[in-house]
Amino acid sequence: MKAVIFDLDGVVVNTAKYHYLAWKKLAGDLGFDFDIRHNERLKGVSRMESLNIVLEVGGITGYSQEQKEELADRKNQYYLTMIENLDQSEILPGIPEFLDKIRNAGYKTALGSASKSGGMILRKLGLESKFDVIVDGNLVEKPKPDPEVFVKGAQLLNIPCEECIVVEDAKAGVEAAHAGHMKCIGIGDPMILGEAEKVVNSTEELVTVDLEHI
């Protein structure tokens, strides 16, 4: 394996909670509650598809595409406001050490995130220099489980997909990695991420993983 491609939310940085709070605020605007159980369905899903799920939870129908885009933009503004003061304290445990370890071992690194704020977030965290390539929602259109975001990362790294390992915390992300002919390390519940070649409980455990035997 020659490259490691990282998802962003829930893998590199703890911004997933801000996405949840922004959707919850939007749901409140629309008159219903959106709780953490519902939020599980949004992991690894595009912004517009996430909106459709939120509206489904609220039993809301009949919005035009234009109205949906306005709601998605409102949610995004809530999110951007919430992460204005994002700093290195939000980097998930073990990620800097893991990045240093694999880069020192000669692996290339890429970000593969559906978030259009991916590059901006890495800059806020001071991690931009740790990634050879940044692929976010500004460069791709198809949401996971489509492999586009990971395949694009491999292409920009000029490394075959078969020689890449993806690090993900969402079932859709694991499926996307495999659809792109890549192996995957899952972070979280093995019952959900069991299709990954390796599953760890938390990001702190990544540094102990032997990438050569994934």
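Remember, it's a predicted structure, so these values are computed and weren't measured experimentally. Atom set for the values below is all heavy atoms of this structure, side chains included, hydrogens, waters and symmetry mates excluded.
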So which heavy atom on Ala177 is nearest to which on Lys183, and how close?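 Minimum heavy-atom contact is CB-O, 4.3 Å.
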With rounding to the nearest 0.5 Å, note down the distance linking CG in Leu21 to OG1 in Thr15.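 Reported to 0.5 Å precision, the distance equals 11.5 Å.
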First locate atom CG of Asn39, then atom CZ of Arg37, and finally report the distance between them rounded to the nearest 0.5 Å.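 Those atoms lie 12.0 Å apart.
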Can you check side-chain contact (heavy atoms from CB on, under 4.5 Å) on Ile5 and Val149, steps first, answer last? CA-CA 10 Å; Ile5 304 177; Val149 67; over 6 Å; no
Step by step, would you call Glu197 with His213 a side-chain hydrogen bond (donor to acceptor under 3.5 Å, both in side chains)? CA-CA 10 Å; Glu197 281 72 21; His213 293 93; over 6 Å; no
Measuring from atom CH2 of Trp23 to atom OG of Ser50, what distance do you get when rounded to the nearest 0.5 angstrom?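 One gets 5.5 Å once the value is rounded to the nearest 0.5 Å.
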Give me the atom names and distance for the closest heavy-atom approach of Ile159 to Ala3.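 Of all heavy-atom pairs spanning Ile159 and Ala3, the closest is CD1-CB, 3.7 Å.
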Polar side-chain atom of Asn76 near backbone of Tyr79 as donor-acceptor pair, under 3.5 Å: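 Checking the backbone N and O of Tyr79 against the side chain of Asn76, no donor-acceptor pair under 3.5 Å is found.
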Pair Lys17 + Asp9, salt bridge at N-O below 4.0 Å: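 No, Lys17 and Asp9 are not salt-bridged.
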Using atom types as modelled and distance alone, determine if a side-chain donor or acceptor of Tyr20 lies under 3.5 Å from a backbone N or O of Ile36.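 Answer holds: yes.
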Run the salt bridge (Lys or Arg N to Asp or Glu O under 4.0 Å) test on Asp35 and Lys24 for me, step by step, so that the C-alpha distance in whole Å, both residues' side-chain angles and the decisive distance to 0.1 Å come before the verdict. CA-CA 7 Å; Asp35 65 32; Lys24 186 175 181 67; over 6 Å; no
Pick from Glu168, Glu175, Glu49: which one makes a side-chain hydrogen bond (donor to acceptor under 3.5 Å, both in side chains) with Lys144?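 Only match with Lys144 under side-chain hydrogen bond (donor to acceptor under 3.5 Å, both in side chains): Glu168.
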Donor-acceptor contact below 3.5 Å, side chain Gln67 vs main chain Ser64: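 At least one qualifying donor-acceptor pair exists.
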Should Asn85 and Asp87 count as side-chain neighbours, where that means a heavy-atom distance under 4.5 Å?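 Heavy-atom side-chain distance check fails, nothing below 4.5 Å.
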How long is the straight-line distance from CG of Leu211 back to CD1 of Ile165, given to the nearest 0.5 Å?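 So the gap between those two atoms works out to 4.5 Å.
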Treating Asp132 as the side-chain partner and Thr109 as the backbone partner, does any N or O pair qualify as donor plus acceptor under 3.5 Å?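 Pair found, side chain donor or acceptor close to backbone of Thr109.
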CD on Glu40 to CD1 on Ile192, rounded to 0.5 Å: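 Those atoms lie 5.5 Å apart.
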Show the numbers, then the answer: is there a salt bridge (Lys or Arg N to Asp or Glu O under 4.0 Å) between Lys198 and Glu205? CA-CA 11 Å; Lys198 175 75 175 179; Glu205 296 179 24; over 6 Å; no
Strictly by modelled atom types, are His38 and Glu56 linked by a side-chain donor-acceptor pair under 3.5 Å?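 No - no donor-acceptor pair under 3.5 Å links their side chains.
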What pair of heavy atoms forms the shortest contact from Ala196 to Val174, and how long is it?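 Closest heavy-atom pair between Ala196 and Val174: N-CG1, 3.7 Å.
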Just wondering, are more than 12 heavy atoms of other shown residues or ligands nearer than 6.0 Å to NZ in Lys101?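 More than 12 heavy atoms, drawn from other residues, nucleotides or ligands, come within 6.0 Å of this atom.
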Within the side chain of Thr203, is there an N or O that forms a donor-acceptor pair under 3.5 Å with the backbone of Val11?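 Not a single qualifying donor-acceptor pair exists.
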Heavy atoms, side chains only, cut-off 4.5 Å: are Leu127 and Phe6 in contact?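 No, side chains not in contact.
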For Leu30 and Val54, run side-chain contact (heavy atoms from CB on, under 4.5 Å): C-alpha distance rounded to whole Å, both residues' side-chain angles, the deciding distance at 0.1 Å, then the answer. CA-CA 10 Å; Leu30 298 175; Val54 171; 5.6 Å; no
Any side-chain heavy atom of Ile121 sitting closer than 4.5 Å to one from Glu90?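 Ile121 vs Glu90: side chains apart.
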Do other residues, nucleotides or ligands put more than 12 heavy atoms under 6.0 Å from the CD atom of Glu141?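 Open: at most 12 neighbouring heavy atoms sit under 6.0 Å from CD of Glu141.
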Do Asp100 and Lys130 come close enough that some side-chain heavy atom pair is under 4.5 Å?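 Answer yes - side chains close enough.
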Has Asp33 got more than 12 heavy atoms of other residues, nucleotides or ligands less than 6.0 Å from its CG?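 Yes, CG of Asp33 has more than 12 neighbouring heavy atoms, counting only those of other groups under 6.0 Å.
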To the nearest 0.5 Å, how far apart are CG in Leu8 and CG in Asp136?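 One finds 9.0 Å between CG of Leu8 and CG of Asp136.
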Atom of Pro147, atom of Ala176 and distance for their closest heavy-atom approach: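 Taking every non-hydrogen atom into account, CB-O, 3.2 Å.
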Nearest atoms (heavy-atom pairs only) where Leu111 meets Phe131: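 Closest approach of Leu111 to Phe131: N-CD2, 3.6 Å.
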Does the side chain of Lys108 come under 3.5 Å of the side chain of Asn158 through a donor N or O and an acceptor N or O?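 On atom types as modelled, these side chains do not qualify, holding no pair under 3.5 Å.
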Going hydrophobic residue to hydrophobic residue with side-chain gaps under 4.5 angstrom, can you get from Val166 over to Ile214?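 No, it is not one cluster - the side chains of Val166 and Ile214 are not joined through contacts under 4.5 Å.
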Just so I know, are the side chains of Ile187 and Leu206 near enough to count as touching, which here means a heavy-atom distance under 4.5 Å?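 Heavy-atom side-chain distance check passes, below 4.5 Å.
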Indicate the atoms forming the closest heavy-atom contact of Val140 with Lys152, along with that distance.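 Reported closest heavy-atom pair: CG1-CB, 4.2 Å.
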